[in-house]
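Report on the following structure.
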Amino acid sequence: MTDTPARTHRRPLLARTRALPPWALLAAGALTGSLLGGAYGALTPARYTATAYVVAVPTDKADPATALGFAQAYGRVATQLAVLGDAQVWAGVPVKELAGSVQAQTSPDAPMISVTATSAEPAEAADMANAVARALTRHAADTKAATHVELQQFARAVEPAEPSSPSPALTALVGGSAGGLLAGLALLVRPRRESEGTTRPASVPGPALAADAQEKL
């Protein structure tokens with residue numbers, strides 16, 4: 001069976017690839033990963049994050065432990081439709097966008113609620129965080145007579161000066177590390193594949209086995 005031109009061209013290329021030193025494969029993997037990571041960071045739009053803080057304050061008929069418990073409860077409902085429906089009026093964005101851009105977190109030992117919003121525009125991120133915090137305090141005021149706890153705005157969200165998304169330099173560094181790691185794994189697997197691809201020579205029967213075979217014939 002004669003080799004086709006494609007096979008004869010592929011074999012020297014594969015042989016040259018296997019003959020490369022390990023550091024060359026590592027360098028190629030790291031360089032490729034860096035280029036891909038840097039391109040991803042440069043082409044991905046920057047994201048900005050702003051955070052507003054709300055604190056739960058007990059009235060004369062409640063204690064700090066009660067305020068801490070209601071802070072946990074209000075933190076769970078901060079991103080619900082009832083709150084976001086009012087917040088969209090002040091934020092100027094649809095409820096769906098608020099639901100995908102706003103998160104609320106609470107502290108286990110302080111009656112504090114943080115409302116964080118992320119957007120491609122720094123001013124919009126601050127507006128969304130402040131709008132949700134304002135809507136949350138309004139809802140808490142409606143049930144103040146029953147809960148004996150009110151929410152007060154502790155700190156307003158300010159327009160962020162720098163993006164919170166990773167920079168192209170950081171994504172290039174992460175991509176280079178990932179590329180080098182994959183290249184290292186390829187070096188560990190490559191010898192096994194080479195050994196599996198080789199064919200073992202046929203064994204030659206010994207004199208005794210050859211004589212037995214002739215007698216049987």
Give me the atom names and distance for the closest heavy-atom approach of [X] to [Y].
X      : Y      : answer
Tyr48  : Pro160 : CB-CG, 3.7 Å
Ala157 : Ala50  : CB-CB, 4.0 Å
Ala71  : Ala56  : CB-CB, 3.9 Å
Tyr74  : Ile113 : CB-CD1, 3.7 Å
Ala52  : Ala129 : CB-O, 3.9 Å

Which of these passes side-chain contact (heavy atoms from CB on, under 4.5 Å) with Met112: Leu68, Val54, Thr106, Val55?
-> Val55

Are side-chain N/O atoms of Ser101 and Thr118 paired as donor and acceptor at under 3.5 Å?
-> no

Check whether the side chains of Gln103 and Gln105 place a donor and an acceptor atom closer than 3.5 Å, and report yes or no.
-> no

Would a 4.5 Å heavy-atom cut-off, applied to side chains only, mark Gln153 and Asn130 as touching?
-> yes

Backbone N or O of Ser107 within a donor-acceptor pair of the Gln72 side chain at under 3.5 Å?
-> yes

With no hydrogens and no angle check, is any side-chain donor or acceptor of Thr59 less than 3.5 Å from a backbone partner on His148?
-> yes

Extract all donor-acceptor atom pairs below 3.5 Å that involve side chains of residues 119-128 and protein atoms in other chains or at least two apart in sequence.
unit_1: Ser119; atom_1: OG; unit_2: Glu121; atom_2: N; d: 3.3
unit_1: Ser119; atom_1: OG; unit_2: Glu124; atom_2: OE1; d: 2.5

